[in-house]
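The first residue of the sequence shown is numbered 1, and numbering continues consecutively from there.
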Amino acid sequence: MTDLSSSSDSDSKVDSEKIQSDTFIAEFFDSNISFEDTSELVTESMKGCSFESEKDESNGIQKIMLKGKNGGGIVNVLCIDLSQSNLDYDMEYILENFGDYYFGQTSAQMSGITEDDFVSNYRMTTNVYSKGKYQQYGSVQKSDGMATQFGYTETYAVLSENKLTVVSGAYLGTDMMERQSFSQLMGKLAENVKY
């Protein structure tokens with residue numbers, strides 16, 4: 001009996017955390033936020049990129065579709081001005097919840113990949129005075145006996161001077177070197193975010 005009750009307790013804890021997180025995301029997008037231009041950050045970071053790329057900007061979010069010889073990926077880059085938002089949450093809460101939300105959205109882009117396929121996963125949030133940084137990434141290696149798929153997904157977010165800049169991407173393909181190039185591109189994007 002105790003096993004049953006403890007599992008339903010942890011389920012309800014997960015449910016209430018999800019409701020809390022969903023409520024926060026709804027409040028976040030409902031608050032008075034505005035999107036800043038990120039084209040300079042993207043252009044600078046994409047120099048020398050080995051992937052074919054196609055950019056699409058809608059609703060303040062730069063979406064970059066990447067195509068390699070043996071796979072492809074997507075990167076979203078956005079910068080949100082929170083100075084008028086009146087959100088009643090501390091910086092760490094905003095960073096962690098928005099970061100987790102975006103990481104979930106982005107890793108879901110890798111079709112057919114579940115949480116069990118991640119061979120490494122890393123998550124970190126740091127705060128320094130009025131600045132904060134969030135980073136989460138994971139690598140995927142999945143074999144079906146015929147071919148091996150390599151994946152990488154990362155979300156990097158910085159909250160500084162009321163501006164939240166997010167770089168979030170996922171790659172999936174059959175070439176380990178392409179996955180390497182993708183993680184290098186994500187590193188370049190993260191480096192070019194002003195902290």
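- Residues Thr153 and Gln109 have side chains not in contact (no heavy-atom distance under 4.5 Å, counting atoms from C-beta outward).
- Residue Gly71 comes nearest to Glu178 through the heavy atom pair N-OE1, 3.4 Å, listed as atom of the first residue, atom of the second, then distance.
- Remark: Glu57 CD to Gln62 CD distance equals 4.5 Å, nearest 0.5 Å.
- You'll find the ring centres of Tyr171 and Tyr152 outside the 6.0 Å limit.
- In the hydrophobic clustering (ILVMFWY side chains linked at under 4.5 Å, chained through shared members), Leu164 is joined by Phe24, Ile25, Phe28, Phe29, Ile33, Phe35, Ile61, Leu78, Ile80, Leu82, Leu87, Tyr89, Met91, Tyr93, Ile94, Leu95, Phe98, Tyr101, Tyr102, Phe103, Tyr134, Leu159, Val166.
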Please report, to 0.1 Å, the donor-acceptor pairs under 3.5 Å made by any side chain of residues 42-49, with sequence neighbours excluded.
from	atom 1	to	atom 2	distance (Å)
Thr43	OG1	Ser39	O	2.7
Glu44	OE1	Lys47	NZ	3.1
Ser45	OG	Leu41	O	2.7
Ser45	OG	Asn192	ND2	2.9

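- Remark: Asn59 CG is loosely packed, at most 12 non-hydrogen atoms of other residues, nucleotides or ligands lying under 6.0 Å away.
- Side chain of Asp144 to main chain of Ala147: a donor-acceptor pair is present (N/O by atom type, distance under 3.5 Å, no hydrogens or angles).
- Asp117 meets the salt bridge (Lys or Arg N to Asp or Glu O under 4.0 Å) test with Lys142; sequence neighbours excluded.
- A 4.5 Å side-chain heavy-atom check between Arg179 and Gln141 finds at least one atom pair inside the cut-off.
- Judged purely by atom type and a 3.5 angstrom limit, Thr38 has no side-chain atom pairing as donor or acceptor with the backbone of Cys79.
- Remark: side-chain polar atoms of Ser181 are paired, donor with acceptor, to backbone N or O of Met177 under 3.5 angstrom.
- Checked for salt-bridge contact, Asp22 and Lys18 meet the test: a charged N lies under 4.0 Å from a carboxylate O.
- Between the CD atom of Glu92 and the NZ atom of Lys133 there is a distance of 14.5 Å, given to the nearest 0.5 Å.
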